[in-house]
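Have a look at the structure below, then the notes.
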Amino acid sequence: MKGRWGKYLLGGLVIAILAGCSSKPTDRGQQYKDGQLEQPLALVNQPNTRGVPMNGNDYANQLLEIQYASPSLFSRNSNTYQAVKSWMASGADTRQLSQFGLSAYQMEGADNYGNVQFTGYYTPVVQARATPQGEFRYPLYRMPPKRGRLPSRAGIYNGALDDRYIIAYSNSLMDNFMMEVQGSGYVDFGNGQPLVFFGYGGKNGHAYRSIGRVLIDRGEVAKADMSMQAIRKWADSHSEAEVRELLEQNPSFVFFRPESFAPVKGASAVPLIAKASVASDRSLIPAGTTLLAEVPLLDNKGKFTGKYEMRLMVALDVGGAIKGQHFDIYQGIGPDAGHAAGFYNHYGRVWVLKGGSGAPLFSAYQPKVNQSGGLLATR
């Protein structure tokens, strides 16, 4: 979502409600090629996969953004970055990683069979105006001063905040909500001027409740069909009052901060390159970590095609819903990116790449496994 620490206080929660792996491979991409893994991050001689990363240029561009925006982060990972670039220049054969000083650690996934969850996020573009006019009547707010507890979403919708905190009026309450979920977005004021970036500005402090879960619990949308597209489809077929009532089931509310000419950044303050950056759980995957991933390919309707593509990605963002063996892939800006992000809740395999002297991957990380097989991380 974003240079935006807050984005992922919400990002991914709309579609992460389907999280849990089943005991057998499914149409969400689970695969069992290696047998059960004993370590959350298991050192392997070479990944059991074929092909080469299809986004080498995007990965290289993401490294340039890191080098420019965060020299210290780049320096801490420079051995890995240089080794990966050399490996890519020599053909990117996964059987030859060790020849370039790279160690590959396969992630065990939520089920200990290597099935790592992928969701997606994006940067929306919202139509808005500076003053209320016609259909543009749904306020976007900046963060008000904290004097006691801020109102809930329902209270804000009912006018509990002073109008001086309004920074724009959109033509869609649902668009506003979706931008909150993503944590940031671009606003088109319709005046021919460049888009204005609305970065994450804070939230009201109320607990988040997934409206996707509400629709499932009410029997309005089947669990297997849940996605951002399904939520929008439901909204399009219901009245404004019904949509508002649904959104009010989530008392959490996000505020924004206008920023002219700002690129989309992650929590590491690095501009994000689409499909070459992810949000991760920092207790398991630190900022700047390079990932080699088999990502499931989906068709235009969000169905798994049975095929995967290999990508190199860097962990540069965080998310409140992104815990353990789960990554949120940044999909880019605009409706096409939103279409892709809205469908993603699938599984693939991930190897953490580490260059250097061969020291333990993360000495501060001590894995534990809870009774249900999920990962707990201790510092």
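Numbers here simply count residues along the sequence, with the first being 1. Any value given below was found using the heavy atoms of this structure, including those in side chains, with hydrogens, waters and symmetry copies removed.
For the pair S280 and I285, the tightest heavy-atom approach, listed with the atom from each and the gap, is OG-O, 3.0 Å. The two residues L150 and P145 make their nearest non-hydrogen contact at CD2-O, 4.0 Å. Of all non-hydrogen atoms in G114 and R349, the two that sit nearest each other are O-CG, 3.5 Å. Considering every non-hydrogen atom in both M226 and I231, the closest pair reads SD-CG1, 3.8 Å. In terms of heavy atoms, V254 sits closest to E180 at N-OE1, 2.9 Å.
Rounding to the nearest 0.5 Å gives a distance of 5.0 Å between CH2 of W87 and CG of L97. The line from CE of M143 to CZ of R257 is 11.5 Å long, rounded to the nearest 0.5 Å. Taking OH of Y141 as the reference point, atom CZ of R164 lies at 12.0 Å (rounded to 0.5 Å). Rounding to the nearest 0.5 Å gives a distance of 12.5 Å between OH of Y186 and CG of D188. The structure places CZ of F253 at 10.0 Å from OG of S152, a figure rounded to the nearest 0.5 Å. Taken to the nearest 0.5 Å, the CZ atom of R153 stands 6.5 Å off from the OG atom of S252.
Looking only at side-chain heavy atoms (C-beta outward), Y59 and P53 stay at 4.5 Å or farther from each other. Put simply, the side chain of V278 does not reach to within 4.5 Å of the side chain of L316, judged on heavy atoms.
In this model, no donor atom of one side chain and acceptor atom of the other lie less than 3.5 Å apart for T119 and N345. Donor-acceptor pairing under 3.5 Å is recorded for the side chains of R282 and S268. Residues N115 and Q31 have side chains that never bring a donor and an acceptor to within less than 3.5 angstrom of each other. Between the side chains of N176 and S170, a donor-acceptor pair is found at a separation under 3.5 Å.
Looking at S78, its side chain does come within 3.5 Å of a backbone N or O of S75 through a donor-acceptor pair. With hydrogens and angles disregarded, no donor-acceptor distance shorter than 3.5 Å links the side chain of D175 to the backbone of N171. Judged by distance alone, the side chain of S184 and the main-chain N or O of G199 form no donor-acceptor pair under 3.5 Å. Within the 3.5 Å criterion, the main-chain N or O of N61 finds no donor-acceptor partner in the side chain of E65. The closest donor-acceptor contact from the side chain of N158 to the backbone of A154 lies under 3.5 Å. Distance alone, capped at 3.5 Å, is enough to place a donor-acceptor pair between the S277 side chain and the I273 backbone.
Using a 4.0 Å cut-off between charged nitrogen and carboxylate oxygen, R244 and E240 do not count as a salt-bridge pair. A salt bridge does not link E242 with R218: none of the charged nitrogens is closer than 4.0 Å to a carboxylate oxygen. In this structure, D217 does not pair ionically with K223, as no charged nitrogen and carboxylate oxygen lie closer than 4.0 Å. Between K275 and E309 no salt bridge is recorded (no basic side-chain N to carboxylate O distance below 4.0 Å). A salt bridge links R95 to D93: at least one charged side-chain nitrogen sits closer than 4.0 Å to a carboxylate oxygen.
Taking the six-membered ring for Trp and thresholds of 30 and 60 degrees, F343 and H339 have ring planes more than 60 degrees apart, a perpendicular arrangement. Using cut-offs of 30° and 60° on the angle between ring planes, the pair F256 and F198 is tilted.
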